[in-house]
Amino acid sequence: MQHFPDARSVVRALRPDEPIILNRPHAAARAARFFVEKFPGKSLYAVKANPSPDLVQILWDNGITHYDVASIAEVRMVRSVLPGAVLCFMHPVKAPSAIREAYHQHGVRTFSLDSVEELEKIVEATRGEDGEAAQDLRLCVRLRVSSEYSELSLASKFGCDLTEAPQLLQQTRQHADWLGVCFHVGSQAMTPFAYVQALERVRAAIAEASVVIDMIDVGGGFPSVYPGMEPPPLEDFFTIIHRQFEALPIAYNAELWCEPGRALCAEYSSLIVKVEKRRGEELYINDGAYGALFDAAHVDWKFPVRALEDDLIKPEMDFSFYGPTCDDADYMQGPFPLPEDIQAGDYFEIGMLGAYGAAMKTDFNGFGAAERIIVTDEPMASLYDGSRTRPEADNVVSLR
Ligand SMILES: *Cc1c(COP(=O)(O)O)cnc(C)c1O
């Protein structure tokens with residue numbers, strides 16, 4: 001991969017006709033070290049946020065030893081890059097063949113589930129050739145919790161209800177060498193209180209089940225920073241989670257885990273795009289809803305933008321974007337502030353695309369190409385560079 005100091009120098013040297021993904025290994029390394037040093041337990045990387053082998057290697061080099069994988073393709077990818085990593089298959093609905101391959105060929109022992117059908121599937125798929133049940137399963141029951149404090153809900157698809165949880169915990173205990181409870185509060189949780197309400201629900205479930213619990217996994221949801229979404233410091237999340245964890249009725253040596261995706265990789269990547277056409281306040285650009293800007297189009301996510309041309313001198317005004325495909329839905333409302341005099345042929349940079357950005361690119365309509373270049377400047381915003389020691393409010397609740 002080529003190296004440049006920053007986006008401007010890339011544009012000056014290449015004037016690229018296709019979008020370019022800029023990666024910042026130092027930013028991902030810093031995020032990994034932050035979680036390794038400050039989270040009061042083990043931090044898994046949720047691979048789906050950005051399944052790049054380069055990124056996975058950077059996280060490993062900076063202390064992330066456990067990986068939350070959700071498909072057999074993710075299992076294979078992480079195993080091929082990191083032979084020593086611990087892989088945890090945390091998708092609660094899996095194909096039997098995926099469980100079988102993960103367990104027998106890739107050493108996966110940790111699986112999540114949210115129903116008795118899935119428990120039976122795991123028990124069957126992990127039997128030995130002699131038909132003996134596996135004795136070393138580490139199983140996590142996924143509980144449904146509220147997403148009300150998060151920008152993106154994950155409350156409806158997975159997780160068992162509080163009414164079903166005690167029985168499922170008891171049934172799972174009979175097959176598990178080690179039993180955990182996991183949940184996901186939704187992505188981009190804007191206040192630590194999201195985890196308080198979830199852990200209250202965990203407490204209720206395990207009190208009623210009265211089984212020994214070896215691990216609590218508070219999932220992902222840790223925020224990054226975007227325009228209009230300035231979360232409190234992650235240290236506040238960690239302190240509150242630890243306090244709630246310590247008060248749970250669990251084994252004295254129970255472990256605390258988390259599974260950040262976004263928070264570990266949002267700062268890793270940004271994107272250089274070119275303006276192909278301007279129509280008033282609308283810019284037609286060469287990446288979009290089917291590229292790295294899925295969330296900008298589909299859930300109106302606001303990503304930071306900055307112009308890359310030296311001759312743009314006017315003040316900023318708000319723009320919306322059209323992506324390159326022929327689909328009307330390839331539209332990003334924004335608003336995205338850029339200089340008033342920006343025009344066709346100009347370049348700008350879109351930041352904070354390391355999570356659920358670069359990973360989402362498709363080839364739809366022939367527009368999937370994007371070179372990757374390493375840059376060494378700072379991401380457009382950071383939770384880890386010491387610049388945001390204490391934002392104004394401690395409990396910023398999401399602006400919906
Ligand atoms: C997506 C996902 C994560 C990561 O979520 P973020 O909001 O990106 O931190 C963690 N765990 C599971 C089970 C997930 O599906």
Using a 4.5 Å side-chain heavy-atom cut-off and chaining through intermediate ILVMFWY residues, the residues clustered with Leu154 come out as none
The remaining residues in the hydrophobic cluster of Ile272, counting side-chain heavy-atom contacts under 4.5 Å among Ile, Leu, Val, Met, Phe, Trp and Tyr, are Phe4, Val10, Val11, Leu14, Ile20, Leu22, Leu308, Tyr347, Ile373, Val375
Could you label the plane-to-plane angle of the Phe222 and Phe39 rings as parallel, tilted or perpendicular, counting under 30° as parallel and over 60° as perpendicular?
perpendicular
Assess the residue pair Asp346 and Arg278 against the criterion (salt bridge (charged side-chain N to carboxylate O under 4.0 Å, His left out)); give the C-alpha distance rounded to whole Å, side-chain angles, the decisive distance to 0.1 Å, and a yes or no.
CA-CA 10 Å; Asp346 288 342; Arg278 174 167 176 180; over 6 Å; no
If you group Ile, Leu, Val, Met, Phe, Trp and Tyr whenever their side-chain heavy atoms sit less than 4.5 Å apart, what else falls in with Leu162?
none
Are Phe238 and Tyr195 an aromatic pair by the rule of ring centers under 6.0 Å?
no
Find out whether the Lys NZ or Arg CZ of Arg306 is both under 6.0 angstrom from the six-membered ring centre of Phe348 and within 45° of the ring's axis.
no
Enumerate the residue pairs fulfilling side chain to side chain donor-acceptor pair (under 3.5 Å) with a member in residues 264-274, sequence neighbours excluded, ordered by first and then second residue.
Asp17-Lys274, Asn23-Ser269, Arg24-Ser270, Glu267-Ser382, Ser270-Glu349
Test question: given the 4.5 Å side-chain rule for I, L, V, M, F, W and Y, name all other residues clustered with Tyr290, or answer none.
Phe364
Contacts of Lys38 that satisfy side-chain hydrogen bond (donor to acceptor under 3.5 Å, both in side chains) - sequence neighbours left out:
Glu235
Would a line drawn from the ring center of Phe336 to the ring center of Phe319 be shorter than 6.0 Å?
no
Below 4.5 Å, heavy atoms only, C-beta onward: do Gln197 and Tyr149 meet side chain to side chain?
yes
Does a side-chain N-to-carboxylate-O contact under 4.0 Å join Arg30 and Glu378?
yes
Kindly check if the number of other-residue, nucleotide or ligand heavy atoms within 6.0 Å of CD (Gln170) is above 12?
yes
Test side chain to side chain contact (heavy atoms under 4.5 Å, CB included), reference Leu353, set Leu293, Ile21, Asn50, output is Leu293
Identify whether the distance between the nearest side-chain nitrogen and carboxylate oxygen of Asp214 and Arg138 falls below 4.0 Å.
no
Does any part of the side chain of Ile374, heavy atoms only, come nearer than 4.5 Å to the side chain of Pro25, both counted from C-beta?
yes
Please work out whether the ring planes of Trp301 and Tyr226 are parallel, tilted or perpendicular, with thresholds of 30° and 60°.
perpendicular
